[in-house]
Protein chains: 2
Amino acid sequence: MTEGSDDIQALIAQIARLPGLGPRSARRVVLALIRRRTGQMAQLAQLMATVAEHSRECIRCGNIGESDLCPICADPRRANGELCVVEDVADLWALERGRAFRGRYHVLGGTLSALDEVGPDQLGIPRLIGRVAEEGISEVILALNATVEGQTTAHYIAEALEGTGVTVTGLAQGVPIGGELDYLDDGTISAALRARRRL
Amino acid sequence: MTEGSDDIQALIAQIARLPGLGPRSARRVVLALIRRRTGQMAQLAQLMATVAEHSRECIRCGNIGESDLCPICADPRRANGELCVVEDVADLWALERGRAFRGRYHVLGGTLSALDEVGPDQLGIPRLIGRVAEEGISEVILALNATVEGQTTAHYIAEALEGTGVTVTGLAQGVPIGGELDYLDDGTISAALRARRRL
Ligand SMILES: [Zn+2]
Ligand SMILES: [Zn+2]
């Protein structure tokens, strides 16, 4: 046992497995938390326990909130006939920070991938098509990453919605080629949304 | 409130303040924890609460453990007359991973810095000199970073120990110029320790 105690070592190992971290950054994080004598680690632990207990996926859109319906799905003012399809909750958050979109979302949770055996059902695309009819959607905005996978998925959804009468749009140029939404600044993402084009 | 709930947003803000993280990586970490339906966040919260409650600084060496004396200071086999001085607990951990050193440590908690008003007292250097006498130390190994600040501090300590009869050594070449111990692989640090030289 090198790092202080078995618990400290277990904590480092758990933190090292989080995305973007590794053993070295995990050690630095744990030391910083132990060193700050303000009870910061206890506070963080408390907050994590609360979030773990209360967070759940919205049964309608896949966003994360504290009830069966997320705040956006629960808000009748967001039922404006626009439905924005995103790969990930992080992308939804990025769009919300941009404050340019006032409709509702549909979180796919990924992209189509033959290799990883992710098909339309895994992404909830049949459910998306159902929502378009049930919720009286007039425009579906495909706000997918400008990657090969994102654009393949966007084309698949656009074709699946053909003949339903709904307008299908994608984000305008402004999203750089190969760019991932969650990396863009909030202004770029809002500009791309406002200049969205018909697919 | 963009990110799911006020608690999620507060959690992201706290995590974003940790060393090496920022808002974007904090959002990714929190989403990953919420998404893993294995109760990983609750587990992590529990572990953090335990570590926060039990961790404390060793009253003798400044290492982190769960009692007044850390496991190294509590282990009589580590009283071999060698005392290794490090800047930080992370450096102590790096040396322990290397398994080359079997003596005890003294954690300074930083380096001398006129700018930041860190003098010998803040670093516990008088206490270090006291330990050399009380604990019958025959060799003090200054395992400080190969930075200007680390080497200035090493020279200060070497001079302060002059006339006490103790042998003062530093890590051998092998630590690259400007290199920080905690970034080195475990093999390099062990080799540098074994080839340590008299200052
Ligand atoms: Zn929702
Ligand atoms: Zn100790």
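To find a chain, count down the sequence lines: A is the first, B the second, and so on, and within it residues start at 1. Just the heavy atoms: all of them, side chains too, but no hydrogens, waters or symmetry mates, feed the values below.
Contacts of residues 10-24 of chain A with chain B at a heavy-atom distance below 4.5 Å involve A:A10, A:L11, A:I12, A:Q14, A:I15, A:R17, A:L18, A:P19, A:L21, A:R24, listed in sequence order.
Taken to the nearest 0.5 Å, the CD atom of A:Q9 stands 11.5 Å off from the CG atom of B:L47. Residue B:I64 holds its CD1 atom at 9.5 Å from OG of A:S5, rounded to the nearest 0.5 Å.
Residue contact with chain B, scored on non-hydrogen atoms closer than 4.5 Å, is absent for A:N63.
Listed by chain and residue number, A:Y105 satisfy the ring-ring contact (aromatic ring centres under 6.0 Å, His included) test with A:F101 (two or more places apart in sequence, or in another chain). For B:R131, the salt bridge (Lys or Arg N to Asp or Glu O under 4.0 Å) partners two or more places apart in sequence, or in a different chain, are B:E135.
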Please lay out, stage by stage, how A:E66 and B:I8 fare under the test side-chain contact (heavy atoms from CB on, under 4.5 Å).
CA-CA 10 Å; A:E66 295 185 317; B:I8 293 178; 5.9 Å; no

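Contact count against chain B (heavy-atom pairs under 4.5 Å) is highest for A:M48 among A:H54, A:R28, A:M48. Comparing B:S25, B:C70, B:A45 by how many heavy-atom pairs each has under 4.5 Å with chain A, the most go to B:A45. Between chain A and the options B:L44, B:T50, B:V89, the largest number of non-hydrogen pairs under 4.5 Å is found for B:L44.
The salt bridge (Lys or Arg N to Asp or Glu O under 4.0 Å) analysis of residues 68-90 of chain A, with sequence neighbours excluded, yields the pairs A:R56-A:D68, A:D75-A:R77, A:R78-A:E96, A:E82-A:R196, A:D88-B:R35.
Looking only at side-chain heavy atoms (C-beta outward), A:I34 and B:E57 stay at 4.5 Å or farther from each other.
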